[in-house]
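Step one of this worksheet: look at the structure below.
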Amino acid sequence: MVLLPRCVFNRFLQQFNSGNQEKATKSLLSAGFPSALLAGHRSKATAVPDVRERTLIAVKPDGVQRRLVGQIIQRFERRGFKLVGLKMLQVSDTLLSQHYTELRTKPFYPRLLQYMTSGPVVVMVWEGHKVVQASRTMVGHTNPVEAQAGTVRGDFSFHVSRNVVHASDSLEGAQREIQLWFQKKELLNWECCDQTFTCEV
Ligand code: UDP
Ligand code: MG
């Protein structure tokens, strides 16, 4: 069963009844209605940008200690992305070893573990068109020495061991990390009132 907010359904009806089927379809899709259920409208729907992509962003312990949480959130809000999950936590070794599973054999791994568990982190899920790729660009190169000015790492850090922020590096990585850090009920599907002004939906 698909539950839609009343305002979305009303807008759909209004557009559909006024003969604008394509716009009505787009409203449904942007509200999270599965495109697979749209049957005959699917071919038109493929032109709609995917605004439901999600990524995991975390302010690491150095970022929290240095009171950078607000500035980092602000950058994602300013860009137009939608916040759908947010929490602060002290990370366990278990969670971290699952998160950084590919890095377990790296020489820096023990120090990375120590750093990431040294204090609280603020972890978030952001949603929007191509948000995985865009947020990697916003965060900057892993090594802050090579990170461009204007990126989070390029503006707030100078050494790879304290690079302030984490961002998922691929769609598959994002899905895996979101499931690892968040329970389904901790993520909210909500309608952003400016979404038709940030992307064609
Ligand atoms: N890291 C480190 N030394 C290195 C490489 C990486 O301490 O030589 C840390 C750094 O905090 C980095 C994290 O390990 O952000 C994860 O590494 P990855 O290669 O996944 O970089 P990221 O995806 O964070 O840019
Ligand atoms: Mg990585």
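Remember, it's 1-based here, ligands and their atoms both numbered in the order they're listed. Predicted model only: the values in this text are computed from it and were never measured.
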How about Lys87: does its NZ atom have over 12 heavy atoms from other parts shown lying under 6.0 Å from it?
-> yes
Around atom 1 (N) of ligand 1, find the nearest protein heavy atom and jot down its residue, atom name and distance.
-> Phe108 CE1, 3.5 Å
Starting from atom 22 (P) of ligand 1, which protein heavy atom do you reach first, and at what distance in Å?
-> Thr142 OG1, 3.4 Å
Per-atom contacts of ligand 1 with Leu112, taking only distances under 4.0 Å to non-hydrogen atoms = 9 (C), 11 (O), 14 (O)
Which ligand 1 atoms are under 4.0 Å away from a heavy-atom of Asn163?
-> 10 (C), 11 (O), 12 (C), 15 (O)
Ligand 1 to Arg136, heavy atom cutoff 4.0 Å, flagged ligand atoms 22 (P), 23 (O), 25 (O)
Could you state whether Leu180 and Leu103 fall into the same hydrophobic cluster, counting links through intermediate Ile, Leu, Val, Met, Phe, Trp or Tyr residues with side-chain heavy atoms under 4.5 angstrom apart?
-> yes
Please say whether the positively charged group of Lys82, taken as NZ for Lys or CZ for Arg, lies over the ring of Trp190, i.e. under 6.0 angstrom from the six-membered ring centre and within 45 degrees of the axis.
-> yes
May I ask you to identify the nearest protein heavy atom to atom 24 (O) of ligand 1, giving residue, atom name and distance to one decimal place in Å?
-> Arg153 NH2, 3.0 Å
Cation-pi check, Arg66 onto Phe156 ring (under 6.0 Å, within 45° of axis) = no
Give a yes or no answer on whether the side chain of Glu177 reaches the backbone of Leu56 with a donor-acceptor pair at less than 3.5 Å.
-> no
Leu103 heavy atoms within 4.0 Å reach ligand 1 at atoms 16 (C), 17 (O)
If only atom types and distance count, is the side chain of Ser135 paired as donor or acceptor with the main-chain N or O of Met138 below 3.5 Å?
-> no
Run the contact test for Lys60 against ligand 1 with a 4.0 Å cut-off on heavy atoms, strictly below, and give the result.
-> yes
Does Lys60 make a cation-pi contact with Tyr115, if we ask for NZ or CZ under 6.0 Å from the ring centre and within 45° of the axis?
-> no
Atom 13 (C) of ligand 1 - nearest protein heavy atom and its distance = Tyr100 OH, 3.9 Å
